[in-house]
Q: 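The following block contains the structure, expressed as structure tokens.
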Amino acid sequence: MSGGSCFFDDLRTKSEIIDPPQIEEILDEGEQANDTAESSLKRNVTISSNVRELLECPVCLNAMYPPIHQCSNGHTLCSGCKPRVHNRCPTCRHELGNIRCLALEKVAASLDLPCKYQSFGCTGIYPYYSKLKHESQCSYRPYNCPYAGSECSVIGDIPFLVNHLKDDHKVDMHSGSTFNHRYVKSNPHEVENATWMLTVFSCFGQYFCLHFEAYQLGMAPVYIAFLRFMGDDNEAKNYSYSLEVGGNGRKMVWQGVARSIRDSHRKVRDSFDGLIIQRNMALFFSCGDRKELKLRVTGRIWKEQ
């Protein structure tokens with residue numbers, strides 16, 4: 001019995017000798033694993049960044065899509081820029097020929113990239129060859145400035161553009177869904193392709209641009225008024241509006257659907273999607289001696305149920 005007791009005492013003694021791993025050691029191993037993961041992630045980001053640089057056209061600096069051309073020295077070029085450089089490599093000046101860079105096209109097919117409108121809120125990740133189509137339709141893509149009186153290149157989201165119109169273009173801002181405007185021109189026989197007025201209305205929690213313009217339609221000068229919605233087309237279709245102009249006991253009425261500012265001012269105008277008044281009729285409405293144009297345009301905006 002005494003021998004068995006010694007045996008168990010020996011086991012107990014030996015078990016006390018085995019020390020558990022220290023917390024510091026576990027933390028060190030965890031940190032090493034995290035460092036390895038972070039290092040791998042950084043490598044992948046660097047590789048992806050390097051590949052994207054390889055896929056950048058040296059002429060237009062845009063991403064290249066098939067067919068990607070290359071010269072005999074391996075310099076690449078997008079198909080859109082090839083005619084612009086007269087079939088000469090912009091890097092080494094060698095003739096381009098019809099060599100495709102199939103390897104780079106295959107590498108591109110393996111990439112998944114974030115939408116370029118990520119900074120505007122898009123969180124999607126797309127295959128390289130699907131990315132371009134998505135970006136052309138991305139609901140987060142910025143809007144062009146709707147001011148048509150100058151070639152304004154500013155882009156941004158709706159709140160930014162509203163402030164831009166108010167601060168930079170000094171556009172009149174109104175609250176409410178009804179309006180009553182008077183447009184006056186001292187010499188109505190001088191008709192130029194210039195916007196007369198842009199007014200921004202705030203109603204239903206949205207913003208709308210009312211355009212009124214004089215322009216030349218063929219040989220005849222005309223005036224046109226139309227409404228654009230500051231948002232996408234699928235939302236614009238929910239809003240209708242009416243415009244009325246009159247005088248001398250006569251009136252003209254137009255009812256239409258607001259157009260999205262995704263459609264350019266010129267596109268809406270040239271499609272005649274608005275209230276169109278010929279100059280002779282406009283002068284008749286002015287109730288004057290035909291030397292001054294005075295038009296009163298009234299209207300309202302409503303949301304379809």
Side-chain angles (χ1 to χ4, degrees), residues 115-124 134-183 193-215 223-245 253-276 295 297-305:
C115 172
K116 72 176 180 180
Y117 301 123
Q118 191 176 46
S119 61
F120 287 93
C122 183
T123 58
H134 160 76
E135 289 172 349
S136 69
Q137 303 168 348
C138 179
S139 59
Y140 289 96
R141 69 191 190 278
Y143 297 88
N144 294 317
C145 172
Y147 190 79
S150 63
E151 295 297 326
C152 183
S153 60
V154 169
I155 62 171
D157 58 18
I158 299 304
F160 174 82
L161 288 180
V162 169
N163 288 326
H164 164 68
L165 289 170
K166 181 173 60 176
D167 297 337
D168 299 329
H169 293 299
K170 310 302 179 187
V171 168
D172 288 335
M173 315 293 287
H174 292 275
S175 296
S177 58
T178 60
F179 45 88
N180 186 340
H181 286 316
R182 188 165 178 258
Y183 300 97
N193 288 326
T195 300
W196 277 21
M197 185 175 289
L198 170 63
T199 307
V200 174
F201 292 90
S202 172
C203 54
F204 308 107
Q206 307 288 350
Y207 291 95
F208 300 84
C209 295
L210 176 64
H211 296 266
F212 189 83
E213 179 179 345
Y215 77 109
Y223 308 102
I224 184 170
F226 55 87
L227 191 76
R228 288 201 292 167
F229 172 74
M230 295 188 72
D232 279 337
D233 188 56
N234 59 335
E235 292 182 84
K237 293 175 181 176
N238 296 326
Y239 298 93
S240 298
Y241 70 103
S242 64
L243 296 172
E244 181 179 310
V245 61
V253 179
W254 162 266
Q255 180 173 318
V257 178
R259 295 283 290 269
S260 166
I261 60 171
R262 294 286 189 203
D263 291 334
S264 70
H265 158 269
R266 182 178 291 275
K267 181 179 180 180
V268 179
R269 187 197 71 182
D270 292 351
S271 66
F272 315 126
D273 193 4
L275 174 66
I276 299 175
L295 287 179
V297 178
T298 61
R300 70 183 184 96
I301 306 167
W302 66 92
K303 187 174 183 178
E304 297 291 351
Q305 299 300 320

Q: Can you tell me how far apart CD1 (I158) and CD1 (I261) are? Round to the nearest 0.5 Å.
A: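 It comes to 4.0 Å.
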Q: Heavy atoms, side chains only, cut-off 4.5 Å: are F179 and T199 in contact?
A: no
Q: Please test I301 against F204 for side-chain contact (heavy atoms from CB on, under 4.5 Å), starting from the C-alpha separation and ending with a verdict.
A: CA-CA 9 Å; I301 306 167; F204 308 107; 4.3 Å; yes
Q: Start with the C-alpha distance between C209 and Y147, add both sets of side-chain angles, then the distance that settles side-chain contact (heavy atoms from CB on, under 4.5 Å), and finish with yes or no.
A: CA-CA 9 Å; C209 295; Y147 190 79; over 6 Å; no
Q: Any side-chain heavy atom of S177 within less than 4.5 Å of one from Y241?
A: no
Q: Measure across E304 and S240 and return the closest heavy-atom pair with its distance rounded to 0.1 Å.
A: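 Closest approach of E304 to S240, heavy atoms only: OE2-OG, 2.6 Å.
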Q: What distance do E244 atom CD and R300 atom CZ have between them, rounded to the nearest 0.5 Å?
A: 11.5 Å
Q: About how many Å separate OG of S119 and OH of Y140, when rounded to the nearest 0.5 Å?
A: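 That separation rounds to 12.5 Å.
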Q: Are any non-hydrogen side-chain atoms of S202 and M173 less than 4.5 angstrom apart?
A: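 No - every pair of side-chain heavy atoms lies 4.5 Å or more apart.
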Q: Give a yes or no on this: more than 12 heavy atoms of other residues, nucleotides or ligands lie within 6.0 Å of atom OH of Y239.
A: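 Yes, the 6.0 Å shell around OH holds more than 12 heavy atoms from other groups.
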Q: Answer yes or no: is there a side-chain heavy-atom contact under 4.5 Å between L198 and H169?
A: no
Q: Can you find a heavy atom in the side chain of L295 that is under 4.5 Å from one in the side chain of F212?
A: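 Heavy-atom side-chain distance check passes, below 4.5 Å.
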Q: Grab the two heavy atoms, one from S271 and one from R259, that are nearest each other, plus how far apart they are.
A: OG-NH1, 3.5 Å
Q: How close do R266 and R269 get, counting heavy atoms only, and between which atoms?
A: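 Shortest heavy-atom contact: NH1-NH2, 3.2 Å.
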Q: What is the distance from atom CE of M197 to atom CZ of R182, rounded to the nearest 0.5 Å?
A: 11.5 Å
Q: Would you say the side chain of E235 lies within less than 4.5 Å of the side chain of Q206, judging by non-hydrogen atoms?
A: yes
Q: Looking at CD of Q255 and CG of L275, how far apart are the two atoms once the value is rounded to the nearest 0.5 Å?
A: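 The CG atom of L275 is 12.5 Å from CD of Q255, to the nearest 0.5 Å.
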Q: Can you tell if the side chain of C152 reaches within under 4.5 Å of the side chain of H164, non-hydrogen atoms only?
A: yes
Q: Donor-acceptor pairs under 3.5 Å, side chain of residues 225-234 to any protein atom, not counting sequence neighbours: which ones?
A:
from, atom 1, to, atom 2, distance (Å)
R228, NE, H211, NE2, 3.1
R228, NH1, D263, O, 2.8
R228, NH2, P146, O, 2.8
R228, NH2, H211, NE2, 3.4
D232, OD1, Y143, OH, 3.2
D232, OD1, R262, NE, 2.7
D232, OD1, R262, NH2, 3.2
D233, OD2, K237, NZ, 3.4

Q: Considering residues at least two apart in sequence or located in another chain, which fulfil the ring-ring contact (aromatic ring centres under 6.0 Å, His included) criterion with H174?
A: H181, F201
Q: Compare all side-chain heavy atoms of V154 with those of L161 and state whether any distance is below 4.5 angstrom.
A: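 In short, these two side chains touch, coming nearer than 4.5 Å.
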Q: Where is the tightest heavy-atom contact between A236 and S260, given as atom of each residue plus distance?
A: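 Nearest heavy atoms, A236 then S260: CB-N, 3.8 Å.
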Q: Name the orientation class of the two ring planes belonging to F120 and Y117 (parallel below 30°, tilted from 30 to 60°, perpendicular beyond 60°).
A: perpendicular
Q: Nearest 0.5 angstrom please: I224 CD1 to L243 CG, how far?
A: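 CG of L243 is found 10.0 Å from CD1 of I224.
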